[in-house]
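Read the structure below first, then the notes.
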Amino acid sequence: MSSGVRLLVAPYDSGHRDVRMGAGPLALLRAGAGELAADVRVLDPAGEWRAELATAFELNRLVAAEVADAVAEGQVPVLLSGNCLGTVGVLAGLAAAGHRVGLLWLDAHGDFNTPDEDGSGFLDGQGLAIAVGRCWRSVAGRIPGFTPLPERDVVLVGARDVTEAQAAVLRSSGLAWLPPAQARDPELLAATLADLAGRVDVLHFHVDLDVHDPSIAPANGYAAPDGLSAEEVRRVLGLAAAQLPVVSATLASWDPSFDVGDRMRDVALDLLGEITAAAVPVAR
Ligand SMILES: NC(=[NH2+])NCCC[C@H](N)C(=O)O
């Protein structure tokens, strides 16, 4: 039995507080996200100066410290984040427990861009690339506990809004990429997760809410068609939890200004409830 969820709230998007996707975490908190948690911590970098790269990595250091502390207390860390990049901090914080961590990353995008190829200049589109050590290694290396995850320990689920160039990079990488059609195939999904379970001991469950189909409501300004239903996302969680202990989670990238009748908000809250029920504290 766990001593509960420690909910970490990182209300930033690209260094800006409580705007755009950075508004999602506090809106979820106002809608009751903290009710199932034993502890809620809102994270803010020290000082006044904010800059996209520096603030994002400072947040990651705060996340890593909180995650390490939560794990030491037998709690399950769950991060509500404006940016996907926050998962890098969660992975770093888990490291102290000494397990081989697998990463299940649900997203409409690959977030696998690297700076020299990324014409958009959007740091958060590089989050998964950072997690596996493809870029920003020096600043990521200053997150306590950070070590790049082996690509073969990553499963990317639901990514579909990818250019040909991005797809080529994903295909030639070591990670397993299941676009929506494959992600909807329970047997393929279970086999992919079973394969992962042969290599890792525990799992981090990462969800960019834009993995969902925008017919629910667009999760953010990057939403793309042919996404998963809320039920399909919950099924991914269920299949994952059947194979591996899910020891932490991230819900990221919900921009409330795109929501319609609070539908994506409620999908996020439901999923948070499912995560709270399914997750277990990492054994130490
Ligand atoms: N973390 C995110 N919100 N990522 C969205 C990235 C979108 C952008 N079009 C890309 O591929 O590169």
Side-chain angles (χ1 to χ4, degrees), residues 10-25 27-28 52-53 55-57 59-60 63 79-91 103-132 134-136 140 149 154-173 175 177-180 204-214 216-228 233 249-259 264-265 267-268 271:
Y12 287 83
D13 180 354
S14 309
H16 300 277
R17 191 181 199 276
D18 203 17
V19 291
R20 224 174 73 124
M21 300 183 290
L28 287 172
E52 182 179 28
L53 185 71
T55 301
F57 280 93
L59 269 172
N60 270 296
V63 169
L79 175 66
L80 304 182
S81 184
N83 287 140
C84 286
L85 193 41
T87 279
V88 174
V90 179
L91 296 170
L103 174 58
L104 186 54
W105 186 291
L106 285 73
D107 202 317
H109 310 91
D111 286 0
F112 213 53
N113 300 325
T114 47
D116 281 346
E117 285 74 38
D118 186 2
S120 75
F122 180 40
L123 180 66
D124 209 38
Q126 304 173 10
L128 186 52
I130 295 167
V132 299
R134 285 197 173 220
C135 56
W136 300 114
L149 218 57
V154 179
V155 179
L156 172 64
V157 172
R160 60 210 180 259
D161 188 13
V162 290
T163 63
E164 259 319 307
Q166 288 172 328
V169 175
L170 286 171
R171 278 191 222 103
S172 67
S173 76
L175 59 78
W177 172 27
L178 304 183
H204 175 73
F205 185 69
H206 171 101
V207 180
D208 180 320
L209 285 152
D210 71 17
V211 73
H212 291 98
D213 194 76
I216 301 168
N220 55 47
Y222 305 96
D226 190 31
L228 303 187
V233 170
T250 303
L251 291 186
S253 305
W254 173 54
D255 178 343
S257 72
F258 283 86
D259 213 339
M264 188 56 71
R265 182 196 76 180
V267 162
L271 186 56

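Counting convention: from 1, in listed order, for ligands and their atoms alike. Position 1 is the first residue of the sequence, and the numbers go up from there.
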#### Entry: D210 side chain vs A223 backbone, donor-acceptor pair below 3.5 Å
no
### Task
Spell out, as yes or no, whether a donor-acceptor pair under 3.5 Å connects the side chain of S81 to the backbone of N83.
yes
### Task
Not counting sequence neighbours, which residues clear salt bridge (charged side-chain N to carboxylate O under 4.0 Å, His left out) with D13? List them please.
R20
### Query
Taking only residues two or more places apart in sequence, or in another chain, which ones meet N113 in a side-chain contact (heavy atoms from CB on, under 4.5 Å)?
D118, Q126, Q166
Report all N/O contacts between ligand 1 and the protein shorter than 3.5 Å as a table of atom names and distances to 0.1 Å; if there are none, say 'none'.
from	atom 1	to	atom 2	distance (Å)
ligand 1	1 (N)	D111	OD1	3.4
ligand 1	1 (N)	D111	OD2	3.1
ligand 1	1 (N)	D124	O	3.3
ligand 1	1 (N)	D124	OD2	2.8
ligand 1	4 (N)	D111	OD1	2.9
ligand 1	11 (O)	Q166	NE2	3.0
ligand 1	12 (O)	N113	ND2	2.8
ligand 1	12 (O)	Q166	NE2	3.3

### Query
Are the side chain of R134 and the backbone of T114 linked by a donor-acceptor contact shorter than 3.5 Å?
no
### Message
I'd like to check the side chain to side chain donor-acceptor pair (under 3.5 Å) partners of S253; sequence neighbours left out, ordered by chain and number.
### Response
D208
